[in-house]
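Throughout, protein chains are lettered first and strands after them, A, B, ... in sequence-line order, and every chain is numbered starting at 1. Nothing here was measured: the structure is a model prediction, and the numbers come from that model.
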Amino acid sequence: MIRTHTCGELRKSNLDQEVRLAGWVNSWRDHGGLVFIDLRDRYGLTQVVFSPRTDAKLHDLARTLRSEYVVAVRGKVAARPEGTVNPSMPTGEIEIAADDLEIQNKAETPAIDMAAEDSIATAQRMEWRVLDLRRPVVQQRLIFRHKVARIMRRYFDSLDFVDVETPFLAKSTPEGARDFLVPCRLNPGTFFALPQSPQLFKQLLMVAGFDRYYQIVRCFRDEDLRAQRQPEFTQLDVEMSFIGMEDIIGIIEGMMALIFKETLGLELSLPIQRMTYREAMDKYGCDAPDIRYGMNLCDVSDIAKRTTFRVFTSAIESGGVIKGFNAKGFGDLSRKDIDNLQTDIAGIGAKGLAWLKYGDEGLASPIRKFFSDDLAAELATRMNAQKGDLLLFVADEPKIANTCLSFLRTTLARSREGIIPKGIFKLTWVVDFPLVEWNKDEKRWDSVHHPFTAPHPDDVGLIETDPGNARSLGYDLVMNGVELGGGSIRMHRREMQEKVFNLLGISPERARDRFGFLLKNLEYGAPPHGGIAFGLDRMVAMLQGADDIREVIAFPKNQKAACPLTGAPSVVEPKQLRELHIKLADET
RNA sequence: GGGGCCGUAGCUCAAUUGGUUAGAGUACCAGACUGUCGAUCUGGGGGUUGCGGGUUCGAGUCCCGUCGGCCUCGCCA
């Protein structure tokens, strides 16, 4: 037996036991006489001491130990002498008085600082990910992830959900994100697609009568990356039959409460609050609002209309709105700061940024002269402006105004300590999403959620008369301004599904080609059903206060979707391509 | 595809207005040291300032290009 105990478990109660430990040299302290080694494994650190009095040869060998050597030691658990107890270590009351040492493997000097808490460049860490993963802080994040997944599995199992695996080699559905394609040797010229999600399969499982399904499953999307986005990521996927939105919400709230309780020891107060999509857009300008702090958006079109400021009045005349918010306490921003903000939102499409500061003599700014005193007072009251505040406004079509103001609100809130409370989690459901959204470029209606989302029963009539105002039975769970998961009740009748495909401009032929297997099966006894999918990476990262999901993925990709550790993706042998009947296009 | 930031020792960073031989901490190597635990002390090695070009008497610093990394918008049904 190489080890009898782990490096995290020995205590005073083990005194005088003869033990064997194995692990990596976390640090070494050579006193000429005594040599101290902190031995590390997944479970913790234990100090090993080598004395020349015990065995001179052993002591000499111990002096050659260096960082990250893999060693096995044998020795007796000893109480540390008075005054040398280390209270910051769980094993700090004891040490191993070594009487044997075997160097299992030497190690090159680590390329990254193994002791660093953080602040190692991400690129360095990812290139040396194996060493990085050896660091206890990094290991703990993955272990935390394991615990979350285990809680989910236990929870759904206890509620009679069945874990069913669905194919990775699936059919391409070009309607959504870009697919990763996989050529099929046996069928020249054809390709599988890696699933963007198991959406269609889980619906088919409902038709098949599985009733309650869940899966923790990898999904693939060939889109540009972000800190919150990887080309392959993990979803908790859930689908249920004979239920409505309230059933799903209830089940998920139970799950969230359990996760909070068992991982962080926090009581999540249920039910989780809800807001409509409209309310989210009105107050926060986005569909995933961060409700941990204020500075809510406010429509002041009615006031702006009565000013003599052409930018405002003409925006309203052309169907736009004037929205803004009170950047509490940001009255000390300089002209340059505000110009920078304006530059930022110009990239989103804003034509300008109007502002007023509330100073010693009330509102002041270059545009103050367009406001009568009464109007200025009305504005100040409406926006609860006080001395030291900065009022920011965007005049534009609602979508652009909302996007810009939402950006400004979050940017300013993040720029100063104390605005966003730390260490708290604020959740909200967002419901009553629109069914579809007008795509200006393609001149068509696109699904807000996906093409299988059922319309709100009260709004079915609007599909033909006023699609833009039809609500869906979709719902998102949002935490601290990030969408954790989203789902919907699906259409289980073919006629309704075809009606929506028709609205989306998906012809019967195309629908049959892409989703024929779903449509056909909907005619063979599809139960009412619905579900939800959660971004596991995101959830786990946020629960640990990490803002990059790479922190909770063992081997993540970089921003160019490449694996810095293995070098994937890479070119392949011409022979492989020939077998797949693939010829590369000439490109320079 | 658009916009922005960054690239200096293994790692984290510094280097005045463009000005002498590019520094510090840490890591590494050697020596000293029997109670350290971020050990300490003494000494040492370590650089194509990502790469290429340009401006200049002189470039880590300025300009152009390129490569790499990161952020962001588009995109992500």
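Regarding A:E68, its CD atom lies at a distance of 16 Å from the P atom of B:rC11, rounded to whole Å. Remark: C1' of B:rC76 and CD of A:Q559 are 14 Å apart, rounded to the nearest angstrom. Taking atom CE of residue A:M114 and atom C1' of nucleotide B:rG10, one finds them 13 Å apart after rounding to whole Å. Put simply, CZ on A:F407 is 11 Å from C1' on B:rG3, counting in whole angstrom units. Residue A:F180 contributes atom CZ, which lies 19 Å from atom P of B:rC75 at whole-angstrom precision.
Less than 6.0 angstrom separates the ring centroid of A:F36 from the ring centroid of A:H31.
With the nearest nucleotide of RNA chain B identified for both A:K560 and A:R229, A:K560 has the one nearer the 5' end.
Listed by chain and number, the residues in a side chain to side chain contact (heavy atoms under 4.5 Å, CB included) with A:Q559 are A:L225 (sequence neighbours excluded). Here A:F501 pairs with A:F515 under the ring-ring contact (aromatic ring centres under 6.0 Å, His included) rule; sequence neighbours left out.
Near RNA chain B, defined here as any heavy-atom distance below 4.0 Å, the residues from residues 59-66 of chain A are A:R63, A:R66, listed numerically. Contacts between residues 469-485 of chain A and RNA chain B, counted as heavy-atom distances below 4.0 Å, involve no residue at all.
Annotation: salt bridge (charged side-chain N to carboxylate O under 4.0 Å, His left out) contacts involving residues 224-235 of chain A, sequence neighbours excluded, comprise A:R218-A:E232, A:E232-A:K557. The ring pair (Phe, Tyr, Trp, His ring centres under 6.0 Å) analysis of residues 48-88 of chain A, with sequence neighbours excluded, yields no pairs. Note on residues 64-92 of chain A: pairs passing salt bridge (charged side-chain N to carboxylate O under 4.0 Å, His left out), not counting sequence neighbours, are A:E18-A:R74, A:R40-A:E68, A:E68-A:R134, A:R74-A:D99. Sorted by first then second residue, the salt bridge (charged side-chain N to carboxylate O under 4.0 Å, His left out) pairs that include residues 502-517 of chain A, not counting sequence neighbours, are A:E175-A:R510. Residue pairs meeting the salt bridge (charged side-chain N to carboxylate O under 4.0 Å, His left out) criterion with at least one partner in residues 403-413 of chain A, sequence neighbours excluded, are absent.
In the set B:rG69, B:rA77, B:rC75, the nucleotide with an atom closest to the side chain of A:R221 is B:rA77. Side-chain proximity of A:S197 to B:rU12, B:rA77, B:rG69: nearest is B:rA77.
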*Encode nucleotides 34-40 of chain B as B, S and - characters from 5' to 3', where the letter depends on protein heavy atoms closer than 4.0 Å: B to the base, S only to sugar-phosphate, - to neither.*
BBBB-B-

Please tabulate, one pair per line, all N/O donor-acceptor pairs under 3.5 Å involving side-chain atoms of residues 392-404 of chain A, not counting sequence neighbours.
unit_1	atom_1	unit_2	atom_2	d
A:D396	OD1	A:K351	NZ	3.4
A:D396	OD2	A:K351	NZ	3.2
A:N402	OD1	A:K323	NZ	2.6
A:N402	ND2	A:P398	O	3.2
A:T403	OG1	A:K399	O	2.8

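A:D113 contributes no side-chain N or O that forms a donor-acceptor pair with the base of B:rG10 under 3.5 Å. Judged by distance alone with a 3.5 Å cut-off, no donor-acceptor contact links the side chain of A:R178 to the base of B:rG74.
Nucleotide B:rC5 has B:rG69 as its partner under the Watson-Crick or G-U criteria, with both atom distances under 3.5 Å. Across all strands shown, B:rG18 forms no Watson-Crick or G-U wobble pair with both key distances under 3.5 Å.
A:T173 comes within contact range of no nucleotide atom at all, as no heavy-atom separation falls under 4.0 Å. As judged by a 4.0 angstrom heavy-atom cut-off over every strand, A:Q199 is placed among the base-contacting residues.
The shortest distance between the side-chain N/O atoms of A:R550 and the OP1/OP2 oxygens of B:rC71 is below 4.0 Å.
For the atom pair CG of A:L462 and CG of A:D466, the computed distance is 5.5 Å after rounding to the nearest 0.5 Å.
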For nucleotides 41-43 of chain B, which of its nitrogen or oxygen atoms have a protein nitrogen or oxygen under 3.5 Å away, and what is each distance?
none

